[in-house]
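Structure, as structure tokens:
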Amino acid sequence: MSETKRVYKFGNKAAEGKADMKNLLGGKGANLAEMNRIGVPVPPGFTITTEVCTEYNLLGKDKVIKLIKSDVEDGIANIEKIMNSKFGDSKNPCLVSVRSGARASMPGMMDTILNLGLNEEVVAGLARKTGNERFVWDSYRRFIQMYGDVVMGLKPESKEDIDPFEEIIDHLKEQKKVVNDTDLKVDDLKELVIRFRKAVKEKTGKDFPDDPWEQLWGAILAVFDSWNNDRAKFYRKLNNIPEEWGTAVNVQAMVFGNMGNTSGTGVAFTRDAATGENLFNGEYLINAQGEDVVAGIRTPQQITKEGSKRWAVLASVSEEDRKNKYPSLEENMPEIYKELDEIQQKLEDHYKDMQDIEFTMQEGKLWLLQTRNGKRTGAAMVKTSMDLLTEGKIDEKTAILRNEPNKLDELLHRVFDKGAIKKARVLAKGLPASPGAATGQIVFFADDAEEWAAKGKKVVLVRIETSPEDLRGMNVAQGILTARGGMTSHAAVVARGMGKCCVSGAGAIRIDYKTRLMNVDGKSVKEGDWISLNGTTGEVYDGQIATVDPDLSGDFGKLMELADKHTRMYVRTNADTPKDARIARNFGAKGIGLCRTEHMFFEGDRIISMREMILADDETGRRKALKELLPIQREDFEGIFEAMHDLPVTVRLLDPPLHEFVPHEDENQQEMAVEMGITKEQIKAKVEDLHEFNPMLGHRGCRLGNTYPEISEMQARAIIEAALNLKKKGIRAIPEIMVPLTGSLKEFQIQEEIIRQTAEKVFEERKDKIDYLVGTMIEVPRAALVADKIAEKAEFFSFGTNDLTQMTFGYSRDDSGKFLPVYIDKGILKYDPFQILDQEGVGQLVDMGTKRGRTTRPKLKVGICGEHGGEPSSVEFCHRVGMDYVSCSPYRVPIARLAAAQAAIKDQK
Ligand code: PEP
Ligand code: MG
């Protein structure tokens, strides 16, 4: 048996791993290896595989250290050889960074430690070697800060507290009467180190470790542990990342951006991650380490001159000030800029996608620390894929696959009404970190955002800066506003990933967490006040602003056209009103897959006639009420057919249990009594009579039509008459009449006969006819089992996976909220089967039903109209079982179109 390889080395333009080993090496590790292979300068290092993380969770610390000890030592030796220095050596020391890196990028969710390998002796040696005492002591205090937090657990105790290390820094700055960290002298930094170490000892009871190897193992295990911290768990849940993947650990030689004025660090994107514009952009800081850019404590400068000029306009900085105080890297260090520009182009050409890169300059030498496919907004996702296609870098199929169906949702959201925005008052201006329009009430803390949102309030989360702890609050907020931080700050990156509107670095606002106030130019705004954000321009407005529908032409239209070219299945919509039908048609729906007729009975006075029909004693009574309902239904169908002219409309006959329609309140029972000329008590008795113990398994679906055939008769008549009325006006209606909840051929057949006889009667009366189909829902498990028989008569099948899921699992659709979240938390279920189709179980019935139906009727038209019809993984499944179409709610139509095309493309591969 071959020995499992657990550690992969890279460095000096050679690597044991490569880009396609993401599962094993994590995204970061795989790309570090790949960058070496294509000749990009990367500090040497090694990656401990994701499998080791799983082993660690299973076997524990000691066994895992034993498994990888010699490989890790070998990895360090390799770094030492390439860097010509020695780990833990006081004369010629080599320091390392230890970072996490999962298969899928999880920005900021897990832990990182920089400058590892320092102790007092090494510090002294490094100071002699570099002749830069300030840099060395600054690195040491940063190391203690990070290690103290991540490995030793020294964190703020409550949400109002600041970080304990930052508190010590603030205190010292006060004593020394300085404002910036950079104003602290070498002796001050030494003092900080003493105070930090003391705090660690006091709060944790442990000494800060001086042995570099002890530091290294502590850091490696802490990174593994961070896979299971709360924010990482939450992020995984949010993004459907499986628990069992684990994270890799990357140990890499440190290069320093804080070695003085020819050093620095930055983050860049090969294209604009907010808009998709093909413009290299990013931010950097001189004499700083990576976390300074992301943390948003200092104002970062732009990389390109063009970007810098645009930034200055948004930040209201004069050209004079921009050039002197905030010059771009292009102007500041033209040589390094040129090299960086060439590397970014090389990386984008190699990966053929927009890259998000991190770099460090150490005394004039450029190093790349990371490259990955950049997180982007929905708009940037669509534009980038269409642009790369036009540029000839990718083909049509790749361009389609580059788009995440659910992210299209962001493009369908509303934008500010142009008129309303003109009248709105601008409070402040920040950076347009993530586009969109957001209106909500101000909250200053993430947990408040969660609490308020749970009560149905719309909130905007306002923070000085955000950190990964704020993720849950950001997720429920309409938008995010930060006082500090640039376009690559945590808030900006995470908001773009979520497709959430964000304005960052609005420098004019002052936030006081204690009083829960935000101050802008002397005006105070408090928690609960309304503000609006425009994430596309960076403007912050006072109050609420009205919004309108977005424009869906351009790149979006082009992507949808491409999707239709490559798809096999087409997409219909679930719609009960002409308005919804029109919205869906605009989104590209090719018909209605489910028109639930029951919803129509609740509007206005109709409910009275409906109740009369249900409460009637006999057929004569029912027929009388149905006669009143007929013209109303006919008119509704005319509206819907007209909106969907020339496209098929599946109309489902009455489905829900009758008791849902009857009056339960005293007042309404009285009203019905007057209407029907009987006593309230009689009404009460009838309502009680209709009570069922299990209504969802009771008198509903085709059981209604089979016990009260006159209901189906009226509905069939309304459908056919509506279609004929439109025909007269030159409008083509294509009705498909659908019987709900069928479980046997006979059940269906009786309904089918009623429908066909009624249709024939109407044709006879009108001396005219139209084409129509009669088919059934497949939503009872038995129907899937006897689908071959049902298909003898049914002309189409539509899988009602809501009921099919309910009846296959035996989980009530209406009561599952009580236990499903617990089941998901405990891992009994991976996801909610009412949202994502359970392919393993319910899927078997769908597959079997389709196959059996087609053994009888090879050309049987098959679709789905349960909620799963708009969920990408379920759409893919529907393609695989050979469905003709999926049907979903109007706003999910574009998502389903893209998912269907992707399914077809994946199928060909
Ligand atoms: C279904 O059961 O999947 C379905 C579409 O019908 P309803 O949701 O109306 O029960
Ligand atoms: Mg149903």
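Read the numbers this way: they start at 1 and go in the same order the structure lists the ligands and their atoms. Being a predicted model, the structure only gives us computed values, none of them experimental.
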Review point. Can you list the steps and then say if L820 with L829 is a side-chain contact (heavy atoms from CB on, under 4.5 Å)?
Key: CA-CA 8 Å; L820 275 187; L829 290 174; 3.3 Å; yes

Point to revise | Backbone N/O of K859 and side chain of R854: donor-acceptor pair under 3.5 Å | key: no

Check your understanding: Q806 near ligand 1, heavy-atom distance under 4.0 Å?
Key -> no

Review point. Can any side-chain N or O of N694 pair as donor or acceptor with the backbone N or O of G698 at less than 3.5 Å?
Key: no

**Study point:** Residue R813 vicinity, atoms of ligand 1 by number, heavy atom under 4.0 Å
**Key:** 2 (O), 7 (P), 8 (O), 10 (O)

**Study point:** Identity and distance of the protein heavy atom lying nearest atom 6 (O) of ligand 1
**Key:** R652 NH1, 2.9 Å

**Study point:** Opening angle between OE1 in E779 and OD2 in D803, taken at the Mg ion (ligand 2), to 10 degrees
**Key:** 100°

Check your understanding: Which atoms of ligand 1 sit under 4.0 Å from any heavy atom of M777?
Key -> 4 (C), 5 (C), 6 (O)

**Study point:** Which of the ligand 1 atoms, numbered from 1, are nearer than 4.0 Å to a heavy atom of L594
**Key:** 5 (C)

Review point. Does the ring centre of F834 sit less than 6.0 Å away from the ring centre of Y811?
Key: no

Check your understanding: Distance under 6.0 Å and angle within 45° of the ring axis: does R572 meet both against Y885?
Key -> yes

Exercise for review: Answer side chain, backbone, both or neither: which part of T801 comes under 4.0 Å from ligand 1, heavy atoms only.
Suggested key: backbone

Review point. Taking atom types as modelled and ignoring hydrogens, do the side chains of E871 and S873 form a donor-acceptor contact shorter than 3.5 angstrom?
Key: yes

Review point. Just which atoms of ligand 1 are under 4.0 Å from any heavy atom in C865?
Key: 5 (C)

Point to revise | Full working for side-chain contact (heavy atoms from CB on, under 4.5 Å) between M696 and R700 | key: CA-CA 7 Å; M696 286 305 267; R700 62 170 286 219; 3.6 Å; yes

Practice item. With R622 as the cation and Y708 as the aromatic partner, state whether NZ or CZ is under 6.0 Å from the six-membered ring centre and within 45° of the axis. Key: yes

Review point. Quick one: nearest non-hydrogen protein atom to atom 9 (O) of ligand 1, plus distance?
Key: R596 NE, 2.8 Å

Point to revise | Residue selection (non-hydrogen contact nearest atom 2 (O) of ligand 1) among L741, T805, D803, D655 | key: D803

Revision key, fill the gap. Near G800 (heavy-atom distance under 4.0 Å), the atoms of ligand 1 are 1 (C), 2 (O), 3 (O)

